[in-house]
Amino acid sequence: MVKTSYMEAGKRALAEEMRRDPTVWAVGEDLGRGGVFGQYAGMVEEFGPLRISDAPISEAAILGSAVGAALAGTRPVVEMRFADFALCAVDELVNQAAKARYMFGGQGGVPLVVREPMGMWRSSAAQHSQSLEAWYVHIPGLTVVAPATPGDNLRLLKAAIRSDDPVVYMEHKDLWGIEEELGEDEPPGALGSARIVREGDDATVVSWSAMVRNAAAAAEQLAEEGVSVEVIDLRTLWPWDRGAVLESVRRTGRLVVAQEAVSVGGFGAEVAATVSEAHFGNLKAPVKRLGAPRIPIPYAKPLEDMLRVGPDAIADAVRAQL
Amino acid sequence: MSGSRPNLDLERLADRHRRMHRIRAFEEQAVAALQEGLVLGAIHPSIGQEACAVGAVGSLAREDLLLSTHRGHGHTLEKGASAVAMMRELFGREGGNCGGKGGSMHIADFSVGMLGANGVVGANINIAAGAAHAVRLKGERRIVCCIFGDCAVNRGPFLEGLNWARVFDLPVLFVCEDNAFAATTRTEAMTGGPGPAARAEALGIPARAVDGNDVDLVAEVTTELRGRILDGGGPQFLWAKTWRLTGHTAVDKAAYRDAGEVEERWKDDPIARAAETLRAHGVADETLAGHREAAVGEMQAAFEEAKAAPWPEDGALYADVQDIGDPREAAFRW
Ligand SMILES: Cc1ncc(C[n+]2csc(CCOP(=O)(O)OP(=O)(O)O)c2C)c(N)n1
Ligand SMILES: [Mg+2]
């Protein structure tokens, strides 16, 4: 077993896939110097500048050329630096990558991974902090992954690279440093399968990405009060593991969905609606969604903290359902 | 004029004349089909621009890759796609190149290296650069040809994609097929500076401007630029100046141009020009008329075949979205 950080896990996944498959390559700004966060440190030394490629500050070209490179038989892994900058390449992702397979009648796929570091981290404010996962889930053709642990980052990034379809792969910046013991041999994970973080019978808390930590902390608090909470980490948002969530809520009768993103139109709404449709008669309390208010993310720490969904808010939401 | 060129090859020009007629006849049938309600969505005819398709795409090798535009019937035919499959695609029928799910604006035929038309102006430029990136990574000997219109040079991907091709030294031939119009607006009125070639050169990409109605000239320069790319010369740029003789779409009457100007331009129709050269060198009128008749016959047959073709099966709706996840979300039953 090797103690591995979330960031190192991503690097290891990419390196192992690149060793295995010569058509895998990565491209993005500053990759030759290890990437802005260090996720690619040392990789150019092993794989050379053709496969760990620098790029001009041309997000549309980074993503658009990856679409072409994927259609022409390679598996590009695209680094977007911050999820926010991927918005400079929306046409390339939404109109091109996500559509090619379908509109060309299955003639060619677009096996590309778009890494989009997301979320609030070190007071990065309105243009460097967003959680836009719900936008991508809305687009047919895209797979959306948001891992919460180093192990999942390792296994799911491998799976994303092996996927024949475009994958939006959202690593949370605030998780870069968290560590986990990982095996020498870690096969790819299953996209679309949730992880039961903690079992429980009284309520279900569904979350993903960095919010999973807060959900687990809330469950810990509630356990001390004798309330048993099941915590589910969705890991993949499209396809998402409806089965795991519905099965859990069938037992608990209560659902809280916690997300860092703006709650309005967020992915939590999809989970809440699905559970309400399927379990209306079995619910012991109304489904509760937690998320950020619909405001840009402010810079000042006390203001930023006000829009975070912390463990206390999650625990309170569960208490209110009991 | 082609006639004055020293290396005139009559047989070759006659073949190009024949192929331009195929494109013309295909599009005439498609327009007729649209009027009958058989072609379902918008089509963008390239009538008057056939010399660009035959000259540029006709000079590529089978293994070369092509990215085209919403006005790409000619490019697609020239790359080797079947006219019948294309007509079926325009009719939204089974057996279309994309199984009836793409239509005219999103037609592709990967089996002949045609990696897609595009409904988004300029979007194919970055995609082409990326396809060329793959060619280089895999060490293949072929080029990528990217055709776009004159209005695409005003979109961001033009700058990003050309710069990309230059800094990575990619084997891509950019062809700006300049028909003078961006939908209903004259591109000139909306474009600063001296135009596409100067913009390419500013990015370090050698550019050539040619008369895009001279099929032999377009072919000759394309062949030369393709050779340079294969010799490691990096990206090259061709600005082919032509003129759109009909509307932006098949239903656009193009009333924003005066009849006199259009009439004048018809005199420079590339098919008529090639015919004139051929005639001047003794090619018989029947031969030339035969090209037209054969093309019309072929495309009428394609029309009839497409008309008789079945609609896609219902299952096609859900096919080829992505490997995982159930696309029938709205119809999901518990
Ligand atoms: C990004 C984008 N903006 C606008 C349009 C609408 N549109 C379709 S064709 C066209 C004109 C394109 O002009 P040009 O690139 O010169 O090609 P042409 O139609 O002349 O062949 C426009 C504006 C589009 N398809 N994509
Ligand atoms: Mg034009």
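All values derive from a computational prediction rather than experimental measurement. Labels below follow one simple rule: chain letters A, B, ... track the order of the sequence lines, proteins then strands, and each chain is numbered from 1.
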With chain B, the option among Thr236(A), Leu142(A), Leu191(A) that has the most non-hydrogen atom pairs under 4.5 Å is Leu142(A)
By side-chain hydrogen bond (donor to acceptor under 3.5 Å, both in side chains), which residues pair with His279(A), not counting sequence neighbours? Asn282(A)
Could you go through the side-chain contact (heavy atoms from CB on, under 4.5 Å) check for Ile62(A) and Trp164(B) one step at a time? CA-CA 9 Å; Ile62(A) 294 171; Trp164(B) 189 278; 3.6 Å; yes
Within a 6.0 Å radius of atom CG on Asp231(B), are there more than 12 heavy atoms belonging to other residues, nucleotides or ligands? yes
Should we count CD of Glu94(B) as having more than 12 external heavy atoms under 6.0 Å? yes
Need one label for Ala316(B): side chain, backbone, both or neither, based on atoms under 4.5 Å from any heavy atom in chain A. backbone
Looking only at non-hydrogen atoms, find the nearest pair between Gln96(A) and Asn118(B) and report the distance. OE1-ND2, 2.7 Å
Heavy-atom distances under 4.5 Å only: say whether Val27(A) touches chain B with side chain, backbone, both or neither. side chain
Is the shortest side-chain N to carboxylate O distance from Asp326(B) to Arg242(A) below 4.0 Å? no
Would the distance check show the side chain of Tyr102(A) and the main-chain N or O of Tyr318(B) forming a donor-acceptor pair, the cut-off being under 3.5 Å? no
Excluding sequence neighbours, so at least two apart, what forms ring-ring contact (aromatic ring centres under 6.0 Å, His included) with Phe237(B)? none
Under 4.5 Å heavy-atom distance to chain A, tell me which part of Asn163(B) shows up: side chain, backbone, both or neither. side chain
For the residue pair Ile324(B) and Asp165(A), what are the closest heavy atoms and their distance? N-OD2, 4.4 Å
Could you have a look at Asp320(B), Val120(B), Ile125(B), Val167(B) and say which one has the most heavy-atom pairs with chain A under 4.5 angstrom? Asp320(B)
With chain B as the partner, which of Ala98(A), Gly105(A), Ser65(A), Pro76(A) has the greatest number of non-hydrogen pairs under 4.5 Å? Ser65(A)
Quick check: are there more than 12 heavy atoms from other residues, nucleotides or ligands sitting under 6.0 Å from CD of Glu201(B)? yes
With chain A, the option among Gly116(B), Gly119(B), Gly325(B), Ala128(B) that has the most non-hydrogen atom pairs under 4.5 Å is Gly325(B)
Interface residue of largest heavy-atom contact number with chain B, from Pro22(A), Gly108(A), Ala100(A), under 4.5 Å: Gly108(A)
Among residues 95-109 of chain B, which ones touch chain A with a heavy-atom distance under 4.5 Å? Asn97(B), Cys98(B), Lys101(B), Gly102(B), His106(B), Ile107(B), Ala108(B), Asp109(B)
Heavy-atom distance under 4.5 Å to chain A: side chain of Ala117(B), backbone, both or neither? backbone
What are the residues of residues 66-75 of chain A, in order of number, with any heavy atom under 4.5 angstrom from a heavy atom of chain B? Val67(A), Gly68(A), Ala69(A), Leu71(A), Ala72(A), Gly73(A), Thr74(A)
Contacting moiety of Leu63(A), where chain B heavy atoms sit under 4.5 Å: neither
Report which part of Glu92(A) has an atom under 4.5 Å of a heavy atom belonging to chain B: side chain, backbone, both, or neither. side chain
Below 4.5 Å, heavy atoms only, C-beta onward: do Asp54(A) and Phe168(B) meet side chain to side chain? no
Contacting moiety of Ser53(A), where chain B heavy atoms sit under 4.5 Å: side chain
If I measure from the heavy atoms of chain A, does Leu317(B) come under 4.5 Å with its side chain, its backbone, both, or neither? both
Atom CD in Gln322(B), atom OG1 in Thr143(A): separation rounded to 0.5 Å? 4.0 Å
Residue, of Ala60(A), Pro56(A), Ala55(A), that accumulates the most heavy atom pairs under 4.5 Å with chain B: Ala60(A)
